[in-house]
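Below: one structure, written as structure tokens.
Letters A, B, ... mirror the listed sequences (proteins, then strands); counts begin at 1. Values below: all heavy atoms of this structure, side chains included; hydrogens, waters and symmetry mates excluded.
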4 protein chains.
Amino acid sequence: MARGINKAILVGNLGNDPETKYTQGGMAITKISLATTSVRKDRDGNPQENTQWHRVTFFGKLGEIAGEYLRKGSQVYVEGEIRYDKYTGQDGVEKFFTEIVANEMQMLGGRGEGGGGGGERMSRPRQESAPQRQAPQRQSAPPPADDGFSDDDIPF
Amino acid sequence: MARGINKAILVGNLGNDPETKYTQGGMAITKISLATTSVRKDRDGNPQENTQWHRVTFFGKLGEIAGEYLRKGSQVYVEGEIRYDKYTGQDGVEKFFTEIVANEMQMLGGRGEGGGGGGERMSRPRQESAPQRQAPQRQSAPPPADDGFSDDDIPF
Amino acid sequence: MARGINKAILVGNLGNDPETKYTQGGMAITKISLATTSVRKDRDGNPQENTQWHRVTFFGKLGEIAGEYLRKGSQVYVEGEIRYDKYTGQDGVEKFFTEIVANEMQMLGGRGEGGGGGGERMSRPRQESAPQRQAPQRQSAPPPADDGFSDDDIPF
Amino acid sequence: MARGINKAILVGNLGNDPETKYTQGGMAITKISLATTSVRKDRDGNPQENTQWHRVTFFGKLGEIAGEYLRKGSQVYVEGEIRYDKYTGQDGVEKFFTEIVANEMQMLGGRGEGGGGGGERMSRPRQESAPQRQAPQRQSAPPPADDGFSDDDIPF
DNA sequence: TTTT
DNA sequence: TTTT
């Protein structure tokens, strides 16, 4: 039986465009870097900015939506589960990382599908930067196998 | 300005007794290991248990309360902020870790102030704190019992 | 498109046994009265108890589980949606009410599966339902105990 | 002792400009109407929009900020406590209502400080529509007593 | 009454 | 790396 609640609730902005990959079975896995900034007073009473960068992963249908609609700078509400994981790096050393596995996502007003740093955002056709973001069921062939996670031993 | 929401909501059980330290200024810092277990179906439809161990830190007054009342096995509700941090180990290598900095805590029924590791736990009588565990009708009057389902004009 | 988040997170105790009905299609609808008590200081700095009674509704499978396992006094975690509704009473007057439509429920330690309509609940020994309350190390291995505070190079 | 969690988490849009009043002691009380819209499939599988209108109340400093920065159409994150209350109407009948007493607020991207029905929003000086929104401490005299809640017997 |  |  379930025994516990493990819930993260985040509202933040993407630091980069999402990255979407597909499993061999065709399931989308989209990862984003999400900044949440808060302010507290330090010991001297001065406001101190504090930014946390969350690695958020979206699977399946949510992964397709996130990959298609989110962009660098987008503001988004994410709800998910905190998961602590590890992998062995190329140097043979175990590395630990934490990710939020999203189960709910909501785009928020504003920057929406716009883009980030450059001025090219409005002119950049969606397909240009997102060939790997197409829904796999729309392709007759599965995505290349090297789009998987094994390519560089680093899961994020 | 604050820009974002970073909130963790956890209900779980302590894997060990809390560990409390004090800063030179006398502020309590209590750390616990909190297990949240959930169940999902794997690809074969079989229920699969999944336990995440959260490092939760309580500062100040909350740290004193957590250190005093929580014990190995205690069930607790925790709300806090997810914080990603790092330190340099004795081997000179940077290590990353994630912690939940609690800003709200609530002991849940059951194991309560009982405890774990030591034998001293039973010496603190359960009844001391038990009155608060009585049925909530002592907190205030419950809603009238007659607004039940049998009166079909009333939906609650 | 979805436009918004409407989420209630409650931890409280039942004021009465649940009431379960079934639709003609056989779907369970269980309703409970849930007390959440908090304390704040009044203007004079004295702690003031404040209890809110929530009407919580569970549909379908969740309704069956809630009806079967919850009892007067049970402590429970509920997550759901806040819904404002109205009905016309027998006196022809529109009545407004608010309910929480649950989409997640988690029984909490303590009164747990005990319960039942009558006064026999206390006669059912605590241990009967206690196995699930055992220390979580049976769910999986707890983190190593030696990463305590005494090793000052390690912050957790 | 606190005994329970009573938390609402909302992301929605204001249906109207906020309304701010001041207590005789000079504390701001701001009320908004917040729409949260979600979609579910009805029994026929067709998406069905569902909008809930929340009455949200902000006290004190938060009330001043909400009154000053929120506008009709603004998207906002609100966290607060669900409170069930009643008042006796002019017809002598008890009326029940539910409100969310906010303890955290976060403006979200987009409509921001804009507002208003027409296109004049960017040209509309703040003071024009918000004389009663000025922070009370900036006035030497307290706000008129009839700005209180007794004026029309209706608390929202 | 909002929003998409 | 985001955002205000």
Side-chain angles (χ1 to χ4, degrees), chain A residues 10-19 31-40 47-56 65-66 68-78 97 99-100 105-118 121 129 156, chain B residues 1-6 82 84, chain C residues 1-6 82 84, chain D residues 10-19 31-40 47-56 65-66 68-78 99-100 105-118 121 156:
Chain A
L10 307 174
V11 174
N13 297 83
L14 278 75
N16 283 304
D17 281 353
E19 298 183 20
K31 292 173 186 283
I32 64 170
S33 234
L34 190 68
T36 58
T37 300
S38 61
V39 200
R40 48 216 75 239
Q48 206 68 23
E49 277 218 349
N50 168 279
T51 296
Q52 298 299 322
W53 286 97
H54 309 264
R55 301 177 181 286
V56 182
I65 296 172
E68 182 169 9
Y69 292 107
L70 298 180
R71 287 293 174 273
K72 179 177 179 175
S74 296
Q75 191 181 35
V76 69
Y77 169 96
V78 168
F97 66 101
E99 62 177 351
I100 310 299
M105 191 263 290
Q106 188 90 182
M107 291 190 58
L108 301 175
R111 299 293 297 283
E113 306 174 28
R121 68 199 115 140
S129 69
F156 53 83
Chain B
M1 241 284 275
R3 199 68 197 145
I5 298 293
N6 173 359
I82 308 169
Y84 308 97
Chain C
M1 242 285 274
R3 199 67 199 145
I5 297 293
N6 173 359
I82 308 170
Y84 308 96
Chain D
L10 306 175
V11 173
N13 297 82
L14 277 76
N16 284 302
D17 281 354
E19 298 183 19
K31 291 173 188 282
I32 64 170
S33 234
L34 190 68
T36 57
T37 300
S38 61
V39 200
R40 42 221 73 243
Q48 206 68 23
E49 277 218 349
N50 169 279
T51 296
Q52 298 299 322
W53 285 97
H54 310 264
R55 301 177 181 285
V56 182
I65 296 171
E68 181 169 9
Y69 292 106
L70 298 180
R71 287 294 174 273
K72 177 178 180 174
S74 296
Q75 191 181 34
V76 68
Y77 169 95
V78 167
E99 63 177 351
I100 309 300
M105 191 265 289
Q106 187 91 180
M107 292 191 56
L108 301 176
R111 299 290 298 282
E113 307 176 25
R121 70 199 112 134
F156 54 84

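Residues satisfying the side chain to side chain contact (heavy atoms under 4.5 Å, CB included) criterion with D:S33, sequence neighbours excluded, are D:W53. Residues passing the side chain to side chain donor-acceptor pair (under 3.5 Å) test with A:N16, sequence neighbours excluded: none.
Taking atom NE2 of D:H54 as the reference point, atom P of E:dT3 lies 16 Å away to the nearest angstrom. The interatomic distance linking D:L10 (CG) with E:dT1 (P) rounds to 21 Å, in whole Å. At whole-Å resolution of the value, CE in A:M107 and P in F:dT3 are 14 Å apart. Taking atom CZ on D:R71 and atom C1' on E:dT2, their separation rounds to 15 Å, with Å as the unit. Between A:Q52 atom CD and F:dT3 atom C1' the separation is 15 Å, expressed in whole Å. Rounded to whole Å, the distance from CD on A:E49 to P on F:dT2 is 13 Å. One can place CG of A:N50 at 17 Å from P of F:dT1, the figure rounded to the nearest angstrom. A straight line from CZ of D:R55 to P of E:dT1 spans 13 Å, rounded to a whole angstrom.
Taking CG from D:L14 and CD1 from D:I32, the interatomic distance works out to 4.0 Å, rounded to the nearest 0.5 Å. The CG atom of D:L34 lies 11.5 Å from the CD atom of D:Q52; values are rounded to the nearest 0.5 Å. Atom CD1 of residue B:I5 and atom CE of residue D:M105 lie 10.5 Å apart, to the nearest 0.5 angstrom.
Checking F:dT2, E:dT2, E:dT1 against the side-chain heavy atoms of A:K72 singles out F:dT2 as nearest. The nucleotide whose nearest atom lies closest to any side-chain atom of D:S33 is, among E:dT1, F:dT1, F:dT2, E:dT1. In this structure, of E:dT3, F:dT4, F:dT2, it is F:dT2 that holds the atom nearest to the side chain of A:A35. In the set E:dT4, E:dT1, F:dT4, E:dT1 carries the atom at the smallest distance from any side-chain atom of D:N16.
A:T36 comes within 4.0 angstrom of nothing in the nucleic acid, heavy atoms only.
By the stacking rule of 5.5 Å between ring centres and under 30° between planes, A:W53 stacks on the base of F:dT1.
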